[in-house]
Structure formats: structure tokens, C-alpha cells
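Since we're looking at a predicted model, the values are computed, not measured. Scope of the values below: all heavy atoms of this structure, side chains included, with no hydrogens, waters or symmetry mates. By convention in this document, chain letters (A, B, ...) are assigned in the order of the sequence lines, proteins followed by strands, and residues within each chain are numbered from 1.
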There are 2 protein chains.
Amino acid sequence: MSTRRDTVRRALNDSSGFRSAQDLYADLRAEGSKIGLTTVYRALQALSDSGEIDVLRSTDGEAVYRACVTDTHHHHLVCRGCGKAVEVEGPAVEKWAENVAAQHGFHDVTHTVEVFGTCAACWASRG
Amino acid sequence: MSTRRDTVRRALNDSSGFRSAQDLYADLRAEGSKIGLTTVYRALQALSDSGEIDVLRSTDGEAVYRACVTDTHHHHLVCRGCGKAVEVEGPAVEKWAENVAAQHGFHDVTHTVEVFGTCAACWASRG
DNA sequence: AACTATAACGATAACGGTTGTCAATTTAGT
DNA sequence: ACTAAATTGACAACCGTTATCGTTATAGTT
């Protein structure tokens, strides 16, 4: 089952960095697929539910998806220019989050960390 | 000028934690104001543009706003239950972000960090 | 291969938060 | 008061997302 889901996963894997559902839909139609937008949304939701991909919201409210290479807890360093994402770990951050939460009496702590910057290539090409 | 803008700012200051535009609109109407939804959006956008308030997106795509007490760089520890937010600093995080970006050749680095948890009060009241 | 039950699919409509439009009202300056 | 400019708010338009529902593909059985 779910050839479509595999198709969407592949499309996401092929592109490093963030893609919106509409982006992926456009990509797939461009390469000749007859997939529907609804199915793209469904596939992304399924993949996200099973933890295979990452979801977050861009500043303008669009949901963006990302395929992660490792399945351990990690964060991302994202290029503002080309959208390429590097997966990074940060024991220091994990610890800090735990500590600061404990200091304020918070339990059951989670956190989100995203680092944005301009990668070497984009930096070179635009001065 | 802009009594409305002050009204919105006050409404946001009165409530600790996150509020959506629609929340604030409901609050203001509830207390008898004849303000319109459009104006609430406009005021929030103006306040956000001038850096007086913080904007971010909830996981379901709604824009949520927050009045910050300090104007130095800081992060937030947010309660999942009541939405109350504590402003926290994290030199360790700042440094980590800088380092990890430098290691990968990234320039012009910014970052977002949000820590979520259940505050002592909410933890006690729900077991 | 034929049949059936079940799941996946996709076009379209509906939904909800946000933004644009524009006439009416308020404000500031004279 | 009078005028020009800015603010306001009702309403419509917009856009990403989700629900609906008839159609199509799949898997299992005979």
C-alpha cells in the first residue's frame, strides 16, 4: 500500500531543507505525477505522525516539512538563503533547558531550538 | 493618536503569556469596547513592527503575541497548561548557537528557543 | 480470472485565520 | 468651524489547510 506516501517521502528526501506541502505538490506535478494536493497533505501528515519527518511553521503560518537523517533528538541549523539544513546536536542546550525549567518548578519539559544563518556558499555569492 | 493601539497594548500587558489576535479581540469586546477585529490586527502588527511585542506561530498556524518585560535578548519558558510565560536568559545557549554556526561556516546567526513545560501550579492541580 | 471488501485517491467544497478594500468617522492643524 | 490626513471597522477576498464524497486501485478469496 501507499505508493503515494513513498512518492512524497522521496520528494522530501530529494530536497534538503524546508518544503511546504504546496512546494512538494508543485515538484511532483512538474515531474509528471498525477498526484492530488489532498494526498500530499495526507501523506505529510501520516509521515509526521509516525515521526519520520519534522513539521514546523514558517513565520507566515505555512507548515513546512523536513526529512531528518538521524532519529535521535537534534536541532537544525538552517540557511536563510538556500534553505539547506544541517542537523546538529547540543547537549549544552538540553541541559540548560532542563535546568532553567527545574529552577522555575516546571515539569515535563520539551523545547524547540532553531538556528538561522547564512551558509558559506550563500555568503560568498552575495557578499 | 492611536488610542486603539494603546488599548490593544494594555490588553496584551494585562494577560501574561500568549494571546492570539482573536483572543484579544474577544477580551476587548467582552469589556465593552467597540473595537473592530481589523484594528486589533493592525495594532498588533504595528506593535510587532516596532519591536514592542513578540510574535510567533502556534503549532496550528495561529499567530500568537506576547508582551515582553525586558528588552534585552531572552527566551521563554512557557506553561502548556495555563500559558503563563517566564522570561529567561541563556548565555550558554547563545554561545552554543554561535559556535555551532561557526563550525559549519554560517554567518549572521540568529536563533529561536522556546522551552515548554507544565508549571508547578498546573502540575499540582492535575496530578 | 472474477468478485468483493477495504483502503487510497483526488476534485471540489468548506473552513478559519489573516489581509485588503473602502466608505465613514475621528483627529490635527489652521 | 473648516479642511486634509489619518484611523477605524464592516465586509469581502485570500490562502493554506481540512472535510466530503464519489471513484479507483488494492488484497484476499474462490
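- Taking atom CD of B:Glu62 as the reference point, atom P of C:dG16 lies 12 Å away to the nearest angstrom.
- B:Arg19 has its CZ atom 16 Å from the C1' atom of C:dG17, to the nearest Å.
- Taking for each of B:Arg42 and B:Val64 the nucleotide of DNA chain C with the nearest heavy atom, the 5'-most of the two is the partner of B:Val64.
- Between the base of C:dT12 and the side chain of A:Thr38 there is a donor-acceptor pair shorter than 3.5 Å.
- Of the charged side-chain nitrogens involved, at least one lies within less than 4.0 Å of a carboxylate oxygen, so that A:Asp14 and A:Arg10 count as a salt-bridged pair.
- With distances taken from any side-chain atom of B:Arg29 to the nucleotides D:dA10, D:dT17, C:dA11, the minimum falls on D:dA10.
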Under the salt bridge (Lys or Arg N to Asp or Glu O under 4.0 Å) rule, what do A:Asp27 and A:Arg19 come out as? Steps first, then yes or no, please. CA-CA 10 Å; A:Asp27 290 353; A:Arg19 304 315 296 273; 3.2 Å; yes

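- Paired with A:Val115 under the rule side-chain contact (heavy atoms from CB on, under 4.5 Å), one option of B:Val109, B:Thr110, B:Val93, B:Thr112 passes, and it is B:Val109.
- What separates CD of A:Gln45 from P of C:dA8 is a distance of 14 Å, to the nearest Å.
- Between B:Glu114 and B:Arg66, at least one side-chain nitrogen of the basic residue sits less than 4.0 Å from a carboxylate oxygen of the acidic one, meeting the salt-bridge criterion.
- We find that OH of A:Tyr41 is positioned 15 Å from C1' of C:dT12, with the value rounded to whole Å.
- Computed from coordinates, the B:Arg57 CZ to C:dG16 P distance equals 17 Å when rounded to whole Å.
- For C:dC9, the OP1/OP2 oxygens have no side-chain nitrogen or oxygen of A:Thr39 closer than 4.0 Å.
- Between A:Tyr25 atom OH and D:dT17 atom P there is a gap of 14 Å when expressed in whole angstrom units.
- The distance from atom CG of B:Asp49 to atom C1' of C:dT19 is 14 Å, rounded to the nearest whole Å.
- Rounding to whole angstrom units, CZ of residue B:Arg4 and P of C:dT27 are separated by 10 Å.
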